[in-house]
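What you are looking at is a predicted structure, and each value in this text was computed from that prediction instead of being measured.
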Amino acid sequence: ETGHLEIPETIPDGNGTTLKVIGVEYNGSFNCNNITSIKLPETILYLGAEIFGGARLETINIPKSVTKIDNYAWARVARVPKQNVDPLNLNYSSDDKGALYSKDKTILHSVPSGVLSNGETTYIVDNGVKKITKPTFRLIDNLKKIVLPKDLEEIAEGYPTISPTNTLEEFEIAGGGNTSFTVRAGVLFKDETLMVYPPAKADKHYQVPNDITAISPYAISKPQNMETIDLNKVTKLGVSSIYAASKLTKITLPKDIKKYDEATKLGMTEGCFESCTKVAEYKVPAENTDFVDIDGVVFSKSAQDILYLYPPNKAGTTYTIPASVKTLAKKCFQSAQHLTTMTIPTNVETFSQETFRAAANLETVTFDEPSNIKELGSHSFRACPKLKEVTLPKSITKMGIVFLECSNLETINVPDGSQLEEIYDNAFNTNINLKKFNFVGSCLLKKIGSNAFANLKKLEKFDFPKT
């Protein structure tokens, strides 16, 4: 389809049954690159996440029948549409510029890409808005400033932020209201927490203000100009607090930051820095009580039994994990740019989530035996484009979605004496070039989940263990 797309109320199934169209959902096998406008039927009840991927939408109607629009509905479109909501809809409303709100207009859900007129660079949020979801301000043409409402109570946190538009330079808050949000030098805060750092803020160096003690998840996302940052007196770092800071080369932990405490919700969350691919060194002040750096790598200070952070741009095609390490923390090797081979020693017992995610040049991984790892964390090797062959440790008992989006993975070996008992649903169905799943000898496998090996057209054979 090109141009305008009109979705029908019903479709025949080819076998004499007519089906009613009640929703729109994501399917990664299709794209809508040439679609510019959409008309939805009066039968539609919901719009799911990441729909109409690639479409450069100008307009879409929201019928009165719609009861649910996912906050991520427009997360994959190339242009966010002007949304025209039927006045009789009981759940949503829109304004004359096509922004989508809750029915009472206290929640702002999304703003169209073309909301600003020629020459305008500032978007002023309606003063009646109390809550802003994410990613509300996505792909807004020419956007440089967002003026937030005077009585704002809440914004959504996490990935992406409320404003993933790469031209945004500053926030402002309308005067005369009552809100716990503040803006300083264009950066948005709430109480003692840094909430959102504008991606196009011009400063090369940024110091977190003295009275700010926390940085929200993904708060500093894709800062285009930031070369250095002073985390100052921060005592809480959320997951991916600093994300894809492309010019940062070194990060120094705050002297008072501690290991994350689940009870107090304070401390350094594992994976607090993500995809900062130029960082070649982490530093820890000597007076810090919980962490220590050794050759730029961050460990727990006392026993050095947890490896927390490996610099993505650290030189070397391999790294020897010290004998003291028992735990590889979440995302600890994420985005490692130069590693090509890794050996996981027998002292490692915990292999956490996304450990080697997006390790761009990682080709081979070996687990020394006898291994003590019972399970590989979810997405441990996600998006490792050069990974071709892996021999699993004998000790793992279950296997989930570990190699998601490893598109060139060809061979997985299950060693003789493997304790593997279960392969979960969808475990390997994104490994489209997988040819061999080899059981080298005995294995305790008892259960294979749904679609574990779906879509693998190149898989040559599968020999079921006798168990």
Report task. Could you walk me through whether N433 and K458 pass side-chain hydrogen bond (donor to acceptor under 3.5 Å, both in side chains), step by step? Result -> CA-CA 6 Å; N433 283 303; K458 295 184 179 181; 2.6 Å; yes

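- Exactly one of E6, H4, R56 qualifies for a side chain to side chain donor-acceptor pair (under 3.5 Å) with S37. That residue is H4.
- A salt bridge between K331 and E270 is absent, with no side-chain N of the basic residue lying under 4.0 Å from a carboxylate O of the acidic one.
- How far CD1 of I412 is from CG of L387: 8.5 Å, rounded to the nearest 0.5 Å.
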Report task. Verify side-chain hydrogen bond (donor to acceptor under 3.5 Å, both in side chains) between N451 and D425, making sure each step is shown before the conclusion. Result -> CA-CA 6 Å; N451 296 312; D425 296 353; over 6 Å; no

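- Judged by distance alone, the side chain of S352 and the main-chain N or O of L328 form a donor-acceptor pair under 3.5 Å.
- Other residues, nucleotides and ligands contribute more than 12 heavy atoms inside 6.0 Å of the NZ atom of K130.
- Note on D95 versus K105: no salt bridge recorded, every NZ/NE/NH1/NH2 to OD/OE distance being 4.0 Å or above.
- The distance from the CD1 atom of I140 to the CD atom of E120 is 12.5 Å, given to the nearest 0.5 Å.
- No side-chain heavy atom of Y101 sits less than 4.5 Å from a side-chain heavy atom of I107.
- The side chain to side chain donor-acceptor pair (under 3.5 Å) test with S110 is passed by exactly one of Q83, R138, K134: Q83.
- In summary, the aromatic rings of Y92 and H109 are positioned with their centroids under 6.0 Å apart.
- In this structure, R184 pairs ionically with D211, as a charged nitrogen and a carboxylate oxygen lie closer than 4.0 Å.
- Distance alone, capped at 3.5 Å, is enough to place a donor-acceptor pair between the N288 side chain and the K255 backbone.
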Query raised in the report: When you look at S216 and E157, which way does the side-chain hydrogen bond (donor to acceptor under 3.5 Å, both in side chains) test go after all the steps?
Result: CA-CA 7 Å; S216 178; E157 300 178 52; 2.5 Å; yes

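- Using a 3.5 Å distance cut-off with no hydrogens or angles, the side chains of H338 and N313 do pair a donor with an acceptor.
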Requested in this report: Walk me through it: do L420 and T397 pass the test side-chain contact (heavy atoms from CB on, under 4.5 Å)?
Outcome: CA-CA 4 Å; L420 181 64; T397 58; over 6 Å; no

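- Summarising the local packing, NZ of K103 is surrounded by more than 12 heavy atoms from other residues, nucleotides or ligands at distances under 6.0 Å.
- Residues S241 and I220 form no side-chain contact, since every pair of their non-hydrogen atoms from C-beta on lies 4.5 Å or further apart.
- With hydrogens and angles disregarded, a donor-acceptor distance shorter than 3.5 Å links the side chain of D151 to the backbone of N178.
- Looking at N232, its side chain never comes within 3.5 Å of a backbone N or O of Q207 through a donor-acceptor pair.
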Query - Verdict with supporting geometry, I35 and F52, side-chain contact (heavy atoms from CB on, under 4.5 Å) - result: CA-CA 8 Å; I35 302 300; F52 304 120; 6.0 Å; no

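- For the residue pair N429 / N426, a side-chain donor-acceptor distance below 3.5 Å is found, with atom types taken as modelled.
- Heavy-atom neighbours of D261 CG from other residues, nucleotides or ligands within 6.0 Å: above the threshold of 12.
- Aromatic ring orientation, Y159 versus Y243: perpendicular (interplanar angle above 60°, classes split at 30° and 60°).
- A 4.5 Å side-chain heavy-atom check between T122 and V147 finds at least one atom pair inside the cut-off.
- Remark: the backbone N or O of E405 is paired with a side-chain donor or acceptor of T430 at under 3.5 angstrom.
- A pairwise comparison of heavy atoms in C384 and A359 identifies SG-N, 3.8 Å as the closest pair.
- In this structure, the ring of F189 has its center no less than 6.0 angstrom from the ring center of F181.
- With no hydrogens or angles considered, a side-chain donor-acceptor pair links S102 and D104 at under 3.5 Å.
- Side-chain N or O atoms of D191 include none that pairs as donor or acceptor with a backbone N or O of T193 at under 3.5 Å.
- Side-chain atoms of T161 come within 3.5 Å of backbone atoms of S163 as a donor-acceptor pair (strictly under, hydrogens ignored).
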Query raised in the report: Given the rule in the side-chain contact (heavy atoms from CB on, under 4.5 Å) test, do I51 and L47 qualify, once you have shown the distances and angles that lead to the verdict?
Result: CA-CA 8 Å; I51 56 177; L47 300 178; 3.9 Å; yes

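- Within the 4.5 Å cutoff, the side chain of F351 has no heavy atoms near those of the T327 side chain.
- A donor atom on one side chain and an acceptor atom on the other are not found under 3.5 Å apart for T36 and E58.
- For the 3.5 Å distance criterion, the side chains of Q334 and Y310 fail to qualify, holding no donor opposite an acceptor.
- Nearest heavy-atom pair across G98 and P112 is O-CD, 3.6 Å.
- Side chains of N127 and K150: no donor on one and acceptor on the other come within 3.5 Å.
- Relative orientation of the Y308 and F291 rings is perpendicular, given thresholds of 30° and 60° on the angle between their planes.
- Between K201 and D203 there is a salt bridge, with a side-chain nitrogen of the basic residue lying less than 4.0 Å from a carboxylate oxygen of the acidic one.
- In this structure, N431 contributes its side chain and F403 its backbone to a donor-acceptor pair below 3.5 Å.
- Between R382 atom CZ and T355 atom OG1 the span is 13.5 Å, to the nearest 0.5 Å.
- Between E422 and K446 there is no salt bridge, since no side-chain N of the basic residue sits under 4.0 Å from a carboxylate O of the acidic one.
- Note that the CG atom of N166 and the CG atom of L143 stand 10.0 Å from one another [nearest 0.5 Å].
- Proximity of a side-chain donor or acceptor of S380 to a complementary backbone N or O of E354 within less than 3.5 Å is not detected.
- Side-chain contact check for H379 versus Q353: every heavy-atom pair is 4.5 Å or farther apart.
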Query raised in the report: Given L237 and F273, is the side-chain contact (heavy atoms from CB on, under 4.5 Å) satisfied, shown in steps?
Result: CA-CA 9 Å; L237 289 167; F273 309 127; 3.9 Å; yes

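- Looking at T411 and E389, their side chains never bring a donor and an acceptor atom within 3.5 Å of each other.
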Requested in this report: In sequence, state the C-alpha distance, the side-chain angles, and the governing distance for K145 and E172, and then conclude on salt bridge (Lys or Arg N to Asp or Glu O under 4.0 Å).
Outcome: CA-CA 7 Å; K145 179 193 285 190; E172 184 181 310; 2.9 Å; yes

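- A 4.5 Å side-chain heavy-atom check between T277 and S335 finds at least one atom pair inside the cut-off.
- Classified by interplanar angle (parallel below 30°, tilted 30° to 60°, perpendicular above 60°), the ring pair Y206/Y197 is perpendicular.
- From L188, atom CG reaches atom CG of L148 across 6.0 Å, with rounding to the nearest 0.5 Å.
- Side chain of N361 to main chain of Q337: a donor-acceptor pair is present (N/O by atom type, distance under 3.5 Å, no hydrogens or angles).
- N142 is not listed as a side-chain neighbour of Y123, based on a closest heavy-atom distance of 4.5 Å or more.
- At least one test fails for R357 against the ring of F381: distance under 6.0 Å to the centre or angle within 45° of the axis.
- At a threshold of 4.5 Å between non-hydrogen side-chain atoms, the residues T228 and K247 do not count as touching.
- Atom CD1 of I146 is separated from atom CD of E170 by 10.5 Å, given to the nearest 0.5 angstrom.
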